[in-house]
Every structure is written in structure tokens, then in C-alpha cells.
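Data block below; observations after.
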2 protein chains.
Amino acid sequence: MSKSKIVVSGYYSTKFGELWNRSLSDLIIESVEGLLVEAKTSLNKVEAIFFGNMLSGILENNLHLGAKIAEIFKLNIPIFRVESACSSGGMAFHLAYNYLKANHLKNVLVLGVEKMTDATTELVTHSLASAASGMEQEAGLTFPGLYAIIAQNYLTKFGYTEKDLAQISVKNHYHGSLNDKAQFRNQITVDQVMNSQYIASPLKVLDCSPITDGGAAIMISSEPKNQKIAEILSTETATDTISLTARESLVSIKATELAAKKAFAIAKIKPKQIDIAEVHDCFSIAEVLALENLGFVELGQGAKFDNIKQTYLNSKNSKLPVVNTSGGLKAAGHPVGATGIKQIGEVYLQLTNQAKSRQIKKAEYGLAHNVGGSGGSSSVTILSKNNT
Amino acid sequence: MSKSKIVVSGYYSTKFGELWNRSLSDLIIESVEGLLVEAKTSLNKVEAIFFGNMLSGILENNLHLGAKIAEIFKLNIPIFRVESACSSGGMAFHLAYNYLKANHLKNVLVLGVEKMTDATTELVTHSLASAASGMEQEAGLTFPGLYAIIAQNYLTKFGYTEKDLAQISVKNHYHGSLNDKAQFRNQITVDQVMNSQYIASPLKVLDCSPITDGGAAIMISSEPKNQKIAEILSTETATDTISLTARESLVSIKATELAAKKAFAIAKIKPKQIDIAEVHDCFSIAEVLALENLGFVELGQGAKFDNIKQTYLNSKNSKLPVVNTSGGLKAAGHPVGATGIKQIGEVYLQLTNQAKSRQIKKAEYGLAHNVGGSGGSSSVTILSKNNT
């Protein structure tokens, strides 16, 4: 490996799900200890930690979690908590990468953990709405409502139906059935999605990602001990208005477009070269927009079944990347602060041939895409297989 | 200026106080617009923003504030929210500096804002306790209680009295009387401190920093437009256990010692060379520990009146830096996320001869010191006058 390369040198995630017997601390400990084994290193080689978490302040009155992590592991190193709603994990990774670069460090650990299921669904839904603008909150809009507005606009503008959106959830549940860390491992049908209860029309419960507990951790290294590494070609972020009403378009996430454009330019590759992508499918419509805004398909083509079926594991003659082999947020689950880390971790597993029964055949380049709120922030990370 | 220098090229803060007619957004807008004037630049020259804020999630159900800032100023640049309790501002500055370095940027804006006085004192006190461990919260310990334990230990161990601590508040109110942005501009006496109500023995209300609204912003630049610049020699952070009970010492803040040691080593100067220091006096005892842990005086010497009087503006034959010319957290106020930015900003004003009636005579080197919680995190930044 050339000296200048910065790589992912290990990844671990806890089981995602309703983990009622596990605390935030339990998930932090399992994530970090699991990672150290995978990355074949020890805590005294870690020079800084970045921690992605959204809701512990609101749900548990727990802030200052950098110091909590310091206490758990008896550390005095720099530890930073980063919050950007559902893109907290992706942002933490982005800042960790830049911190390693600025300080010529050898190992920086990125951790994302969220403990959500101890609170009532009403409280969690209200708390998640903290990622929307005050005006949207006062109007009673929750996240299903905001994405329902996007979905309504998209279906109307491009002439698709709810059945088209349902295909996304069906695919992601199929992939999730192959991931032993996923919250949901049951396969579902289009009929099941169509018959599930409306949450915010046109989105039904099986269009929506669940409320999840979970932790994930990644090691970023300039001098990895582990042989299983994937090179970080680029990690870029962008922002946009927190409110939907202030946006130029309701059928496109500008923050994703901008972050992707920068990330592809720096990685010096094109979207068609990506073999595996983990994209932010908090709702089925969100994956449709991601396919378009990341440059995999043209605007208005993301909900086409002909395209969606090309994003399945082992699809024949596909011109598109396999998308969300982890099961995505929909089936793997969405422990908010951990999601962005899990996405990059899944890409790493694929590029290092560790994805077991969901391993894709050809994995040269992978992309992870993490969105905050209804698109107010976005991060895009591109990794490549290690060829040296 | 040499090409490799990274400098503070401007600073602005709002008035600190009980700003009942100002919202979080109002304070964000005033801070950023004020800074652009001071730094003689415009928003389209700003390449990233780091935002320090502790409590908006808990107090206002507002997270994802990077996207709120993007909306206010019609930006799509990377914006990051950093939280480390009361050291959120110092940590945001530290990460901003490293981000500029890693990406060879020209201008990164660091913003800290906190809007606290709309909530009841009970709610704010409970929310601030989110920076303590769960065990401490369950024991009913608030921050005055935690620092009271430190103060009790300190006074007993080194043989000081409450009157000795009172001198810190008297000095900081004197300095605050010279700062037109300070929350409290009244001078106070030792008797007034001694006769003020106990909050948590031995700390009385006049030993404690207040609850404050306010915003502050700094521009970090590698190619400044402004002539008034101060060089960033170092910015370092460290962590320690979130719980007091898990600490090695109750009379010393290890995170500060470690951050200071690194910061002085990188700056290649010694504590005695510092002319002006803004230290974290959330309680009178905290400034005493800061004087010791930053290396200005020996352990056990920080509460000596002979030392405290040397930290006054215009003290004769002083061997110590002038400390907290802004009035410190005690008199200038403590809008949590803004505090770390204001501290660095005050040092910048002193080093660029812009501190008006509180300007110190000789200002070559300055230090800013920001603490999270009861010492679970700490950041130390050293600036120097521009000599080129």
C-alpha cells in the first residue's frame, strides 16, 4: 500500500433491532470492542474518536458523550460528538477522515450509536422532527409527512404509482434476509407493502424504515495492521435548506447532488463505475431520489422497475450498482447515529470480500450515501478495493 | 505573513445576557453578519462552518442546525454541529482549524450560539446536568453540586477559605465592568460574594456563572483579507471521565493539564510567556484550578490572593497573565456553545489591540481555555500577535 493512502481497516456493528436489554453504553462497548478485533489493533493505538449520535440529549438527557466514552475505555484522547440528524454518522466519518489527514495520524475510530426503543414511539417521532424546521414542526409535520410530500410530488410529476415505490422495500427486505445483523430478515411482497397501513399517504408502514437500537464502528487508518482494507477515495458533504418549502425542487435532494458531484470528482471515477452502493432509504421514495441524485439513473427514472431490478444482488446484465445489500435502512434498521457508519461498513465488507451470503461478485468501487432530515445535509463516501 | 500561517482574521459577539426578544436564529444571524464586517469578507468566501451548541435539542427540540444555518444564509457548503457540553465552542474551533488544514481552505467560520433564558431555571439546570454521568444525575447532582465537591476538597486540602474563592468573582466583575458586551457590568465586593445565597456549599450565587443567551463567531483564515490578525500557534483537546467519582484527583482537571501540555509543546512557548488568558470560570473554583492546571501557578497556589491580584488588568510587577479580561463566564455570561468562541475572540481582540478600555499593555501571546462539564473534556488554544 502506498504511504499516502488512507483506508478503512476494520468494521463492526452490533445486531440492529429492538434491543430492550441493551443500554447506550452497552452498544458503545460492543461496537468498539468488536471493531478492535476486526481491525486487529488495540485502543492504545487509537489517536482520536469521532462519535455520531442524534437523540441521546433529548431522549436520555445525556450529552457530553465524548467524556462518557473516555470514562468507559479509560481514555484521555480527543473525542468529538458530531450531530447532523440522520447523517450524523456520515458527517462523523467525514470529519474523522479530515482530522487524520490534518494531523498525520495512524488510527482514528468512528463510532455511531443510537438507543431509540426505550422511549415511546410518539416521543421518538417528536424527537426525530427536531431535524425539521420550527415551522414544519409547528405545522405538525413529522418525517413520514415530509417524505410523503416529496413522494406525492414525485409520483405526480413522473407518472409512477405506489406499487412502483413498493419495489424498493421488497428488494431491501430480500437483501436484509441475507444479513444476520438486520432488524428485519423476512422477505415481503408488493402486495404486503400495498396492504400495509398508511402512515402519510402515499407512504405506508412498509415504505418506512423502523425505529432501531444499534451501534457501528469503523477504523480509519494510514498505517493499518489489518490486511483487509479498502481505500477511501473521497468523502464529501453538502447542506441545503432545513425546510422543504424553501427548496428549489421537491423531487430532488440538492445536498446529495452536490456532495456526490464533489465526491466523484475527487475520486476520479464515474457513477457507472460503482459496483455497490449503500444509499439512504429512510423511506422508499428516498432510495428512488438517491439513485437519481447520485447519478446512477436520469431524473425521473429511479422508480422504474427495470432500474430497481438491476440493483438486486446477482441481477443479470445489470448496468447499475447493487444497492443496499445490508437491507438498507428499511430492513437492516435505522439507529440514526449508527446508520452512516453501517453504510460505509457494508461497502467495506463488500470490497474486502467479507459479506458472506450477500457478497457481490465484482466489487471494485463502492459508495455510501447518508442524508440528514428531509435533505438538509448529505454525505457521500467512495471507497475502492485495495489493489496493492 | 508567511504562507503556512493560519490565523484568526476576525471576531464578533452579540451582547450576552437575558435576551428575551432574540431567538436562536436572531443570534446566529447577528453573529455571522457581524463577523463578516469585522473580518472584511463575505459569505461566498466562507468554505465551511463549524457550529458549537449544547442545548437546542433538549430546550427547543431543534437539532440538525447545520441545515438551519444553510437555510438562513442560502448556503450549500459543509456545516458541522459539534457538541461537548460547555466546551462545544472550543471543540468547534479545534475541528474547524484542523478542517481548514486538511483541505487547504482559505476561510472557515466558527460559530457558537446558545439560547437559554426562554426555559425555566429548573429545566436549564436539569438540561445542563446532561453533561454529567447518569449516576451523578440520578444522585441529584447538578453542576453547582459537582463543582462544590471540587471546591470542598480544594479548600480542605490546601487550607483556603470561601473568602479566597470570592476574590475570583470580584476580579471578573471588575473586568466585566469594562466590557460593553458583558451580561453583568456591576462591580462587586468580597462581602457581597460572602453574603450571597448558598447554591451548593461552599459555592454561593456570586461564585457561579449565570444562565445566558448569546452568540459569537470567529473567522479562521489562511489568506486573510483583514489586517487585524492573530496567529493560531496551537489548539489541542483532551478528555477525562465524565464522572467525578472515577477521577484520580478531585482538585485537578486532568483534561486541562493534558490539553495544555500538548498546546504549549506545539506552540513552543511556556506558560510564563502568556500575557492574556481567558479561562473557564464557570464557578470561582474552576478559575483557581485553571491557573494551576494550565501551568501559570503551582498546584495549591491558585487561590492565593497574591496570585489572583496579579491576574488583574494593569496589575503592577505581575508575573502572571491577565486573566479573563472579558469578565469571564462569571461576569460576561455563559451562553454555553458561544463561550469557547468568545474566549478565543477576547484573546484575539487583545492581541490585535481592539479591546478598548480593557486593552492590556503588552500582548504578545494569549491562551483560551474551555472546559466541558466537570472536566470531562477540555480545549486549550494559544494565539500570538502578528509580528510580520
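- The candidate with the highest count of non-hydrogen atom pairs below 4.5 Å against chain A, out of B/His126, B/Lys68, B/Arg247, is B/His126.
- Between chain A and the options B/Ile69, B/Ile58, B/Asn76, heavy-atom pairs under 4.5 Å are most frequent for B/Asn76.
- Side chain of B/Asn61 to main chain of A/Ala129: no donor-acceptor pair is present (N/O by atom type, distance under 3.5 Å, no hydrogens or angles).
- For the residue pair A/Glu71 and B/Ser243, a side-chain donor N or O sits within less than 3.5 Å of a side-chain acceptor on the partner.
- Atom NZ of A/Lys262 has more than 12 heavy atoms from other residues, nucleotides or ligands within 6.0 Å.
- Between chain A and the residues B/Glu60, B/Met91, B/Gln137, the largest count of heavy-atom pairs under 4.5 Å involves B/Gln137.
- Once rounded to the nearest 0.5 Å, the distance linking CD of B/Glu83 with CG of A/Leu65 reads 7.0 Å.
- Applying the 6.0 Å contact sphere to NZ of A/Lys45 captures no more than 12 heavy atoms from other residues, nucleotides or ligands.
- With a 4.5 angstrom heavy-atom cutoff, A/Ile79 touches chain B via backbone and side-chain atoms both.
- Using a 30° and 60° split on the angle between ring planes, B/Phe80 and A/His94 fall in the parallel class, below 30°.
- The shortest side-chain heavy-atom distance between A/Asn62 and B/Ser130 does not fall under the 4.5 Å cut-off.
- Once rounded to the nearest 0.5 Å, the distance linking CE of A/Met54 with CZ of B/Arg81 reads 10.0 Å.
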Verify side-chain hydrogen bond (donor to acceptor under 3.5 Å, both in side chains) between B/Ser377 and A/His64, making sure each step is shown before the conclusion. CA-CA 8 Å; B/Ser377 60; A/His64 204 207; 2.9 Å; yes
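- Here the straight-line distance linking atom OG1 of A/Thr239 with atom CG of B/Leu75 works out to 6.5 Å at 0.5 Å rounding.
- Options A/Leu63, A/Asn98, A/Leu95 differ in how many heavy-atom pairs under 4.5 Å they form with chain B, and the most are formed by A/Leu63.
- Interface remark: A/Lys74 contributes no atoms to any contact with chain B (heavy atom separation under 4.5 Å).
- Only the side chain of A/Ala246 comes within contact range of chain B, with at least one heavy atom under 4.5 Å from a heavy atom of that chain.
- In this structure, chain B has a heavy atom under 4.5 Å from the side chain of A/Leu258, while its backbone stays farther away.
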